[in-house]
Amino acid sequence: MNPPPRELLSINTATVRKQWGLSEIIAGCARRGIRQISPWRDQVAAVGLKETAQRLRDAGVRLSGYCRGGMFPALDRAGRKAALDDNKRAVDEALMLEAPCLVLVVGGLPKDAGGRIASKDLPGARAMVRDGIGELLEHARPAGMPLAIEPLHPMYAADRACVNTMAHANDLCDELSPGANAGLGIAVDVYHVWWDPDLEREIERAGGYSGRLMAFHLCDWLVPTADLLLDRGMMGDGVIDLPLIRSWMEAAGYRGPHEVEIFSERNWWKRDPDEVLATCVARHQTVC
Ligand code: ZN
């Protein structure tokens, strides 16, 4: 395959979050010609929403997505209402920052006030996720902010997201938001879905006229993986056939950003952030 267009590269700000604050990330990306980022809400809050919007404009950097909404399941009605209210605020922030979509990490089993998992009712959690997305759509759709469900690897089903396959995400889109370009779609993160034998078919299902392919997240799967959350690999250092998955995305009509998202406590978070960005730029051209 030909190398991807350089301008499609985006940096999810988690990739250098240990080394840099958001303002430094925006400036660092702009210096390297990276014109897209996907920031996290806590980083935006630390700088301030208006200030962030201004810095993005000044640097000529736009968003490839906004991280994140979701976490819908809760033990009681008040908890679900609080989650919905917080998600509405996330939609409003995404609008202010002119993000193309709000990414949803939907949440797992309900937790108690201390953050401990307090239920084994996985089907119930999945129902709360469906209902929560449906309610949030009533706010997001008229406001014009697309919602992108990110299926997470099944190892996160308990604590982060109980939508674990592209098929499940596609089913939710069918149920809650049928039709073309209906404001609900999918963020395809190779780390979470590379293993799925139905991946090509489900990408095809999400593409085309339905317009559900809203984001494409890149990193690599290391063998062995030393930490369930914080040991993602740089593209090219693991076992994912990145060009193959990109070819499926392109065949399904996706032409959007390629967002590098690497949580790496033992390696990339310890390196010079300029070196990390340079490596992202290089690997995007050589192994993606
Ligand atoms: Zn992701």
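For ligands, and for the atoms within them, numbers begin at 1 and follow the listed sequence.
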Donor-acceptor list for residues 94-102 side chains, cut-off 3.5 Å, not counting sequence neighbours:
none

(request) Just jot down the side chain to side chain contact (heavy atoms under 4.5 Å, CB included) partners of Leu122, sequence neighbours excluded, or say none. (result) Leu109, Arg126, Cys162
(request) Mind listing the protein N/O/S atoms less than 2.8 Å away from the Zn ion (ligand 1)? Waters don't count. (result) Glu150 OE2, Asp189 OD2, His217 ND1, Glu261 OE1
(message) Exactly one of Asp92, Asp85, Asp86 should register a salt bridge (Lys or Arg N to Asp or Glu O under 4.0 Å) with Arg89. Which one does?
(response) Asp86
(request) Calculate, to the nearest 0.5 Å, the distance between atoms CG and CG belonging to Leu137 and Leu184 respectively. (result) 5.0 Å
(message) Given Val260, which partner from the list Cys219, Cys280, Ser10 fulfils the side chain to side chain contact (heavy atoms under 4.5 Å, CB included) test?
(response) Cys280
(request) Would you mind listing every ring pair (Phe, Tyr, Trp, His ring centres under 6.0 Å) that reaches into residues 232-267, with sequence neighbours excluded? (result) Phe216-His258, His258-His284
